[in-house]
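Below, all heavy atoms of this structure are taken into account, side chains as well, without hydrogens, waters or symmetry copies. Whatever order the structure lists them in is the order used to number ligands and atoms, beginning at 1.
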Amino acid sequence: MTSRKCCTDDFSTLPWRLRCMCIFSILLGTLFIVLLPIYFFVGFGLNVKGFSPLLVTHDKNKHDWKPECLKSANLMSLSLVDCFPETTFVTEEQCVNRGCCWTANMKTRESAFRSLCEKQQSSLVPKCFYPSNYGYHVSGKVTSFYEGFEIPLSRIPSPSRYGDDIRNLRVRVERQTFYRLRIKFYDPADQRYEVPDPQIPANPAFEFYNTNRRQAPLYEVTYNITEVPFGIKIRRSNTGSIIFDTKTAGFTFSNQFLQVTIKLPSLHIYGLQEDGKMIYRMNQKQKPSTESSRFHPMYMCIEENGDAHGVLLFNSNAMEVEVYSSPLLTFRTTGGVLDFYIFMGPSPENVVQQYTESVGRPWMPPYWALGLHLGLYPEQKNANLQETILELHRKQIPMDVAHFYLGFSSKDFDYSHLKNLHFVQLTKQIHKKHLKITLNLSPGILSGQPSGTNPAYDVGIERGVFINSSWGHQPLEGKNWRGKVVFPDFGNSITQRWWVKNIENLHKEIKFDGLWITDNTPTNNVDGSVNGCFRDNLNYPPYIPARKRQLFDSTLCMDAWQLWDKVRHQYYDLYNLYGHCMSKATAYAQKVLFENKRSFVVTEATSVGTGSYAGHWIQFNFSRWSDLKVALPIVFEYGLSGIPYVGIKLCSRNPIQEEDLWLRWFELGAFFPLFEICFTHDDLMYIFYWELSKSFVDVLRRVTELRYELLPFLYTLFHHAHTRGTTVVRSLVQEFPDHSITSRINTQFLWGSSLLFTPIMEKGVNEVKAFFPQGLWYDYFTGERLDIGENGQWKSLRTSLYNITRPVNLHLRGGQVVVNQVPANNTAFSRRNPMRLLVALDRRRTARGDLFLDDGETLDSYKSGDFLYIIFTVAQNKLVIKAHQVKQAFLTDFDQVYLNQVTIYGLPALPPTVTINGGYSLTRRHLMWNSNFKVLQIQHIIIPVASVAGKTEISWKWN
Ligand SMILES: *[C@@H]1O[C@H](CO)[C@@H](O)[C@H](O)[C@H]1NC(C)=O
Ligand SMILES: *[C@@H]1O[C@H](CO)[C@@H](O)[C@H](O)[C@H]1NC(C)=O
Ligand SMILES: *[C@@H]1O[C@H](CO)[C@@H](O)[C@H](O)[C@H]1NC(C)=O
Ligand SMILES: *[C@@H]1O[C@H](CO)[C@@H](O)[C@H](O)[C@H]1NC(C)=O
């Protein structure tokens, strides 16, 4: 009625009230007509994945679901998962509102905590925990396919914790090999983000698999379709122990919060993180940071009987892991799918082999990379680079690499301003001395320069190689110490080509041999971008792992755009991959540049599979006594993650009067695969190590020489890592997993399975307790024998601060043969020096060892056959040296190298007759017997390494 009247001409005739209503409704209509399109336009314009409203609907009143909470009496025995991980300051009301269970009785909680502490010196029982009826249930028929099956799941109706729960899921189980299993929880209705790199092949090439192809699976997968909530169990077939069980309450699969708790067979878990942890074994409630650069979602667990298995959660979103003493392990991730790979071992080494088979075998470093790296700052005031290098030579400390930290340049990849510093001449001289050069690169490209002055940026913009901001078409701008920067998008193939070009340009100026890539988390000096970040649910997700303030703190906005194989992704999903992609792109650029020579990349940020392209360094801001103890567990963890080329950078940053501290650092750091010493760029503390006492320099020299002496062995270990995936620096538990003591040892380490190092890590200490597992062990320097019984034994070892005859505690394991080589001022010369064999007999008087040799730099020398592989076996009083692969072309490099000494540890008495190749009997001149330690040294012999192509035998007799 009113509306009809509104439209009549005689509007003015209407009563005052009606007139008002008319005006009002017209206004309303206009508003509606004008605003609706705007709303839709803007809405659709922003309707990228990230822009759904921030509203979280708690529809808890819709269900008659009630949390089933366990009685407090059961607290101790049960597996309780934290239902309020955001904070420890949760109130009962908050907890109950969320549909969780509250540990009402504080006393019970505390006593539960205490008794757990006593039992396993471990964690807290959460105050607010998940009810037992939370999760998913089976909702349909199980479908089978070749080597696997799928189960449909539905969510048990209950209040949503972080919103946007996926109601229907599927779990897919693939029995990929008899030792590898994949379990993937995914949303059948939506293709969610999955990690694009590395691509894990379903069909393995691992020799262990091919020779055992018919073997029955090492696992059994079980589930109970009527049980609620649903869980999947994996049992080790031969022992029956359950190694993986997801039944524990708390399983959540929502859009931005995915959580799964795994019941573990034991608390002996290893891996996952780098952050300052002194114990290698994780036995505390821990929240490894989301800090992408340092986190690998892979753990290894050692079961009660010493069998080991590994689990990878293949997911690259920001996440956290929490370990409860129950023992439980909770993964919480903010996106993607829950894609698990389970590696059945059964030995810890098998786990690493199976893991690296999936994610990529470690990269083979060039031989020179195992030498000493010397860090130098060309632009430092008073930095006399040449003098520094010369001084190292004068002090007769071997070195192989000059690592230059290049400073500010207003043009990326352009260091022409260093010409004033005679830098180019210097690099030429360095190469003449057979040394190598490495440089530092960080990903940020300067964007604030006048146009036309920074070609890397200009070309980059033209080709669209940078990570774009939320709007999708403009590079995201951040900041580093040089100024405003943009970030190359390394997953994009156009960016990769652009990166190759830039690295080629850099190489035209400075003839480097390798690159260190830093700040590639990527780090950003402003949070998100110079313009901040949008308030959307990627930047402000409902759950932020590891109690970080914001996910984008010191890095990029989560809704920044990247390309991967032409598919657009957001940084939110690729969160952990930047360092990985940059490593891959940098290794590729060197491959283009060096053609068939090996690349050298050391990266700050790593993730799953990065070991195939790069190594990693550990840096301590202060090299304190406490840091000394942390370094070793970190090296172990990278080893587990398939990144064996790891080590420390020792920079004289501390007050130098702590000479003993430096000495202990060197005695440890010199035996990590990567070893660099450098000098601070802080002028105030610009101190050379050799300004310390003469005895200090003597030990530094001796320790470095010892490293060089052992390089042929270390290189062989890298060959095995590269081809078979075994570890290089190994923890005791990795080699002796069935021993109850080894799991607690973080202060000793092995090289392969042969050499045991026992460094000293405490101030003012000259004696250290070392654990020796069963068998025979020999002092590396003297041959003194330790005969260790079944249970292993602790021994006290003396190591005074300055003892150049015995600078470290080093033992050789019975049953092993190790090759060493006379050291020289760098590897180019040491590789031509005589080699020596150290034979350590076991109780049956047998031993075994091997040696891999090639030219040290040719890419894939193993594949092309350009190498020499020698196996040494000792049995029945005979040493057999047999080469297994020789290519004539390669031999010329080594026809000058001789084996000129064989030392045998563990003979009962001096054998009167020692013959070579059955005929030639050695005379007194060749034999030296130490009756004290029962060591036989066969010396002044000449066995050309190149000619062992046939077979050389050395035998000894007592009659
Ligand atoms: C499966 O679970 C149901 C319910 O919890 C239980 O009654 C049944 O015994 C279980 N079946 C097996 C084979 O364990
Ligand atoms: C970023 O924007 C540029 C220019 O519009 C475009 O060429 C490039 O493909 C974009 N990259 C991504 C990842 O969106
Ligand atoms: C140095 O080590 C050697 C070999 O173990 C030992 O004989 C010597 O006594 C040690 N010297 C000192 C000063 O401890
Ligand atoms: C390194 O040693 C080799 C041979 O031993 C020698 O020829 C060379 O001059 C030495 N280099 C330096 C820089 O001392």
Side-chain angles (χ1 to χ4, degrees), residues 48-50 196 371-372 374 386-400 402 429-436 447 457-477 486-496 498 556-557 559-574 578 581 667 695 698-699 702 705-706 708 758 760 766-768 778-784 796-811 821-834 896 930 932-933 935:
V48 287
K49 197 159 116 230
L372 175 75
L374 176 65
Q386 199 162 358
E387 191 50 34
T388 311
I389 296 171
L390 274 178
E391 190 59 33
L392 211 63
H393 285 311
R394 271 187 230 125
K395 297 284 192 246
Q396 296 176 340
I397 296 168
M399 79 168 260
D400 263 82
Q429 285 170 16
I430 288 172
H431 274 141
K432 264 203 201 115
K433 287 183 180 158
H434 303 280
L435 303 180
K436 303 292 178 183
S447 55
Y457 175 76
D458 297 337
V459 175
I461 286 290
E462 204 182 292
R463 308 224 178 124
V465 307
F466 301 113
I467 294 186
N468 288 340
S469 69
S470 338
W471 296 105
H473 305 291
Q474 283 292 315
L476 177 146
E477 259 187 322
V486 291
F487 300 87
D489 178 16
F490 289 105
N492 179 348
S493 54
I494 301 172
T495 312
Q496 286 159 14
W498 165 88
L556 314 182
C557 294
D559 53 2
W561 288 100
Q562 294 184 250
L563 274 174
W564 200 301
D565 281 341
K566 307 201 172 71
V567 182
R568 268 155 60 99
H569 290 292
Q570 279 173 301
Y571 178 58
Y572 181 83
D573 286 327
L574 301 175
Y578 196 82
C581 298
E667 290 168 3
S695 12
D698 287 344
V699 177
R702 182 61 197 116
E705 278 175 356
L706 180 58
Y708 272 68
T758 310
I760 290 187
N766 283 333
E767 200 168 288
V768 65
Y778 302 88
D779 187 289
Y780 178 84
F781 305 98
T782 62
E784 183 179 356
S796 239
L797 305 174
R798 280 193 63 80
T799 326
S800 56
L801 258 185
Y802 305 103
N803 188 343
I804 55 164
T805 47
R806 206 171 170 289
V808 291
N809 293 307
L810 176 55
H811 290 84
Q821 194 163 26
V822 175
N825 51 19
N826 67 54
T827 55
F829 294 107
S830 74
R831 280 164 58 77
R832 271 141 228 288
N833 276 349
Q896 301 299 318
N930 177 334
N932 206 1
F933 295 132
V935 174

Problem - Side chains of Asp559 and Ser470, donor plus acceptor under 3.5 Å - result: yes
Exercise for the section: Using distance alone, determine whether Gln474 and ligand 2 share an N or O pair under 3.5 Å. Expected result: no
Handout entry: Polar proximity ligand 2 side, His473 side, N/O cut 3.5 Å exclusive
Key = yes
Handout entry: Contact partition for Gln562 relative to ligand 2, non-hydrogen atoms under 4.0 Å
Key = backbone
Practice task
For ligand 2, indicate whether the residue Asn492 contacts it via side chain, backbone, both or neither (heavy-atom separation under 4.0 Å).
Solution key: neither
Exercise for the section: Side-chain contact test, heavy atoms from C-beta onward, threshold under 4.5 Å: evaluate it for Leu476 versus Val486 and give yes or no. Expected result: no
Practice task
Before signing off on this row, confirm whether Asn803 and ligand 3 have an N or O atom pair separated by under 3.5 Å.
Solution key: yes
Practice task
Anything under 30° is parallel, anything over 60° is perpendicular, the rest tilted; go ahead and classify Tyr457 against Phe466.
Solution key: parallel
Practice task
Report yes if Asn825 has an N/O atom closer than 3.5 Å to an N/O atom of ligand 4; otherwise report no.
Solution key: yes
Practice task
Flag Thr782 as yes when one of its N or O atoms lies below 3.5 Å from any N or O atom of ligand 3, and as no otherwise.
Solution key: no
Completion exercise
With heavy atoms and a 4.0 Å threshold, my read on which part of Leu563 contacts ligand 2 is both
Exercise for the section: Indicate whether the side chain of Gln562 and that of Asp489 have a donor and an acceptor atom separated by less than 3.5 Å. Expected result: yes
Practice task
Scan side-chain atoms only and decide if Glu767 and Ser796 contain a donor-acceptor pair under the 3.5 Å cut-off.
Solution key: yes
